[in-house]
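Encoded as structure tokens, the structure appears first; notes follow it.
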Amino acid sequence: MTLDPTLLVWLFLLLLVIGALAGLLAGLLGVGGGIVLVPAFHYGFTLLRFESDALMQICIATSLATIVVTSARSLHAHDKRGAVDWAILKSWAPGIVIGAAIAVVVAAQLGSGTLQAIFGGLARIVGLYMTFGRSSWQIAPQMPGGMGRAAASPLIGFLSVLMGIGGGSFGVPFMTLHGVPIHRAVATAAGFGLLIAVPSVIGFALLSVPVHPPLTLGAINIPTFLVIVSMTLLTAPLGARLAHATRPVLLKRVFGAFLILVALNMLRRALGY
């Protein structure tokens, strides 16, 4: 595959901007940068005319690799403000890790088109909730324990890995619907992201992908990872500070609408249109 140097420069600049945005959103909205990174990676690799049935695995794995760093940075920033609910994080950790590990095995067996359709469908649900959801909505006054936790925690890990995202996109709505204040939910979801990303990245690093871009470890593209992380390390703490200083309701609605459009485009691609 012959790569146009000019195109590579533009892609590099695009990744810098996307990385900055992903880090900011991870800290500010608790949605996890992967919700932006996966479609951006897919667009970038497609722009380079890289075609493989494992393309979505590479996008998902590389996104999750960046989330290890972004979530750790965001978790540290939130913890310094005393916002992380460690009781929730510790009790939900085993189930989330188990769900993430199972998802890696499942994702390795699925084609790129199927994973696109899964991402598009789930991202549309997340986008609709972000656009129309209300902070007053509540299912229960506290987080579930026992069988409820045993069922929900692996599901959060499982669905997040299939999308290549951190725990915020599912974790934050789930926690706020169960009586956890929004700032505390955003902070704790950064820990969810770390629990999801670490085991899945280990699994994807060991995955054998026959056709991949240069400098790819398993399904993780190292140059893309490095470019993104260089920006998320700078912007995730900024997003965390803004989260505690503002009520980003309007931004959340706008981003939710944008996410719905991205999801619909993914579904269109998955259906071959």
Side-chain angles (χ1 to χ4, degrees), residues 1 3 8 11-12 14-15 18-19 22-23 26 32-72 96-123 154 156-167 169 192-232 262 266 269-270:
M1 180 174 61
L3 301 179
L8 284 176
L11 182 60
F12 172 76
L14 174 64
L15 288 175
I18 293 297
I35 206 85
V36 175
L37 294 178
V38 171
F41 291 165
H42 192 276
Y43 171 77
F45 287 130
T46 303
L47 198 64
L48 292 175
R49 296 182 177 86
F50 172 75
E51 296 182 4
S52 169
D53 196 45
L55 178 57
M56 275 298 287
Q57 278 97 334
I58 294 169
C59 296
I60 288 170
T62 306
S63 171
L64 288 165
T66 69
I67 288 169
V68 172
V69 181
T70 304
S71 293
I96 289 173
V97 170
I98 290 169
I102 294 172
V104 173
V105 177
V106 173
Q109 310 302 317
L110 298 177
S112 187
T114 302
L115 288 170
Q116 275 184 270
I118 291 171
F119 182 95
L122 293 176
I156 289 173
F158 181 82
L159 294 178
S160 297
V161 170
L162 286 187
M163 290 185 70
I165 62 177
S169 295
F192 279 18
L194 199 58
L195 293 169
I196 288 164
V198 169
S200 59
V201 164
I202 293 171
F204 278 120
L206 298 173
L207 187 65
S208 176
V209 179
V211 181
H212 53 73
L215 301 175
T216 298
L217 174 64
I220 303 166
N221 186 249
I222 303 301
T224 302
F225 162 77
L226 292 175
V227 172
I228 294 297
V229 164
S230 70
M231 297 306 296
T232 57
V262 172
M266 271 285 194
R269 287 171 176 265

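The structure displayed is predicted, hence computed values, not measured ones.
For the side-chain contact (heavy atoms from CB on, under 4.5 Å) criterion with V227, the lone passing option out of L14, I18, L15 is L15. Screening I60, I58, L64 for a side-chain contact (heavy atoms from CB on, under 4.5 Å) with T62, the sole residue that qualifies is I58.
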> Does the pair F41 and I228 meet the rule for a side chain to side chain contact (heavy atoms under 4.5 Å, CB included), with working shown?
Replying inline: CA-CA 10 Å; F41 291 165; I228 294 297; 3.7 Å; yes
>> Determine whether F158 and V106 satisfy the following criterion, side chain to side chain contact (heavy atoms under 4.5 Å, CB included), listing intermediate values before the conclusion.
In response: CA-CA 9 Å; F158 181 82; V106 173; 3.8 Å; yes
> side chain to side chain contact (heavy atoms under 4.5 Å, CB included) between V209 and F204: does it pass, once the steps are laid out?
Replying inline: CA-CA 9 Å; V209 179; F204 278 120; over 6 Å; no
>> Please determine whether side chain to side chain contact (heavy atoms under 4.5 Å, CB included) holds for the pair L159 and L122, giving the CA-CA distance in whole Å, both sets of side-chain angles, and the decisive distance to 0.1 Å.
In response: CA-CA 8 Å; L159 294 178; L122 293 176; 4.1 Å; yes
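Checked against side chain to side chain donor-acceptor pair (under 3.5 Å), T66 has no partners two or more places apart in sequence or in another chain. Take S112 and apply the side chain to side chain donor-acceptor pair (under 3.5 Å) test, not counting sequence neighbours, and it matches no residue.
Annotation: side chain of T216 is not in contact with side chain of I222 (no heavy-atom distance under 4.5 Å). Using a 4.5 Å heavy-atom cutoff, the side chains of I196 and I96 are in contact. Residues V69 and F225 have side chains in contact (heavy-atom distance under 4.5 Å, counting atoms from C-beta outward). Residues I35 and M163 have side chains in contact (heavy-atom distance under 4.5 Å, counting atoms from C-beta outward).
No donor-acceptor pair under 3.5 Å is formed between the side chain of Q57 and the backbone N or O of L115. Remark: the backbone N or O of G164 is paired with a side-chain donor or acceptor of S63 at under 3.5 angstrom. No donor-acceptor pair under 3.5 Å is formed between the side chain of Q116 and the backbone N or O of M56. Of the possible donor and acceptor atoms, one in the side chain of S160 sits under 3.5 Å from a partner among the backbone N and O of I156.
In this structure, CD1 in I98 is found 11.5 Å from CG in L195, a value given to the nearest 0.5 Å. With rounding to the nearest 0.5 angstrom, the CG atom of L47 is 12.0 Å from the NE2 atom of H42.
S200 approaches V161 most closely through the heavy-atom pair CB-CG2, 3.9 Å. Taking all atoms of both residues into account, the shortest heavy-atom contact from G111 to D53 is CA-OD2, 3.7 Å.
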